[in-house]
Amino acid sequence: MGRFWCFAHAVISMAYFFHKLGFGHFVPNLTIGAPVIESLRKHTKAYLDCHLMVTNPLDYVEPLGKAGASGFTFHVEVSKENWQELIQRIKSKGMRPGVALKPGTPIEEVFPLVESENPVEMVLVMTVEPGFGGQKFMLDTMDKVRTLRKKFPALDIEVDGGLGPSTIEVAASAGANCIVAGSSVFGAAEPAQVISILRNSVEEAQRIS
């Protein structure tokens, strides 16, 4: 757990309307797809973290792997029947598998994916409802982070939604070591200063834990 990741990261969401789940939709906003990942990869060796808020994540494993994605995080809510295949396919394409869950999903639903013989390597706890930036941090989601950290001490635990200087300490102290920051970084007058605050808070929490 001796690492810190701060992703001023764009969530990959190949969706259109949340309510049209039968058509492969999960959230209403389309952001970044494989072509953008491919373009970024040509200019950086950075870790490109891809969070798939889609109902058919298997369809995106190959194109994102080919594009140069580093991590592929899918939602447990839409992968209850095929998560083993998903993990295997993600790893076969050279990406690091992660699983995400929405605020209302019980944390116990990800336990089998972490405890599997071929497990995910990260759990993403959504701290806002997925789909829109700039939402208020949901404090009660920290109970999930604490549960994960206690049960899986070495697991990478990511949090996404409402993270910034005013919320980072509670997330870091709960056990989160991978921080997704969007609005708080891009909307700051000094983005580098915000990233430094986030990094220092996580590193300090790890030091005293």
Side-chain angles (χ1 to χ4, degrees), residues 1-16 21-27 29-102 105-126 130-131 144-145 148-149 151-160 176-180:
M1 200 179 75
R3 76 178 87 186
F4 167 79
W5 299 339
C6 176
F7 303 124
H9 103 165
V11 174
I12 294 183
S13 171
M14 322 286 184
Y16 190 66
L21 295 177
F23 294 88
H25 303 132
F26 192 70
V27 297
N29 288 330
L30 170 66
T31 52
I32 295 176
V36 176
I37 297 297
E38 184 176 10
S39 296
L40 287 171
R41 181 53 72 207
K42 293 176 182 178
H43 301 284
T44 182
K45 295 181 179 179
Y47 189 96
L48 300 180
D49 180 48
C50 301
H51 173 194
L52 278 288
M53 292 193 290
V54 299
T55 55
N56 50 341
L58 269 174
D59 293 347
Y60 301 100
V61 174
E62 185 169 347
L64 284 174
K66 184 177 180 180
S70 307
F72 186 111
T73 298
F74 57 91
H75 269 262
V76 68
E77 295 88 356
V78 298
S79 307
K80 295 178 181 179
E81 303 299 324
N82 63 351
W83 59 263
Q84 291 105 330
E85 180 184 3
L86 254 174
I87 293 171
Q88 182 177 355
R89 291 273 295 275
I90 292 166
K91 290 184 177 180
S92 75
K93 298 301 179 181
M95 295 180 288
R96 190 169 185 259
V99 64
L101 69 160
K102 295 166 63 177
T105 302
I107 193 61
E108 292 79 10
E109 292 196 15
V110 305
F111 289 175
L113 286 72
V114 181
E115 296 170 337
S116 170
E117 291 184 2
N118 190 27
V120 293
E121 298 178 21
M122 182 183 72
V123 173
L124 165 55
V125 176
M126 294 297 298
K144 295 179 181 181
V145 175
L148 282 174
R149 180 56 65 215
K151 188 172 179 64
F152 306 108
L155 179 67
D156 279 326
I157 302 173
E158 184 173 78
V159 286
D160 179 3
N177 66 310
C178 305
I179 310 300
V180 176

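All residue numbers refer to positions in the sequence shown, counting from 1.
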Check whether any side-chain heavy atom of [X] sits under 4.5 Å from a side-chain heavy atom of [Y], and report yes or no.
| X | Y | result |
| --- | --- | --- |
| W83 | V120 | no |
| E109 | V99 | no |
| P57 | V78 | yes |
| I37 | C50 | yes |
| V54 | F74 | no |

When rounded to the nearest 0.5 angstrom, what distance separates [atom1] in [X] from [atom2] in [Y]?
| X | Y | atom1 | atom2 | result |
| --- | --- | --- | --- | --- |
| Q88 | N82 | CD | CG | 12.0 Å |
| L58 | I90 | CG | CD1 | 8.0 Å |
| I87 | S92 | CD1 | OG | 12.0 Å |
| M126 | E158 | CE | CD | 9.5 Å |
| K102 | L124 | NZ | CG | 13.0 Å |
| L48 | L40 | CG | CG | 6.0 Å |

Which heavy atom of [X] sits nearest to which heavy atom of [Y], and what is that distance?
| X | Y | result |
| --- | --- | --- |
| V110 | L148 | CG2-CD2, 4.1 Å |
| S79 | L86 | OG-CD1, 3.5 Å |
| A176 | I179 | CB-CD1, 4.2 Å |
| F111 | F152 | CD2-CE1, 3.8 Å |
| L101 | P106 | CD1-O, 3.9 Å |

- Between E115 and K151, is there a salt bridge with N-O shorter than 4.0 Å? yes

- Item | Residues E62 and K66 bridged, charged N to O under 4.0 Å | no

- Message: With side-chain contact (heavy atoms from CB on, under 4.5 Å) as the criterion, how do K144 and V123 come out once you've worked through the C-alpha distance, each side chain's angles and the decisive distance to 0.1 Å?
- Response: CA-CA 10 Å; K144 295 179 181 181; V123 173; over 6 Å; no

- Task: Pick out which of D156, T73, D49 makes a side chain to side chain donor-acceptor pair (under 3.5 Å) with R96.
- Result: D156

- Task: Could you check whether the rings of H51 and H75 sit parallel, tilted or perpendicular, using 30° and 60° as the cut-offs?
- Result: parallel

Would you confirm whether [X], through its side chain, and [Y], through its main-chain N or O, come within 3.5 Å as a donor-acceptor pair?
| X | Y | value |
| --- | --- | --- |
| N177 | I157 | yes |
| R41 | V36 | no |
| E77 | T105 | no |

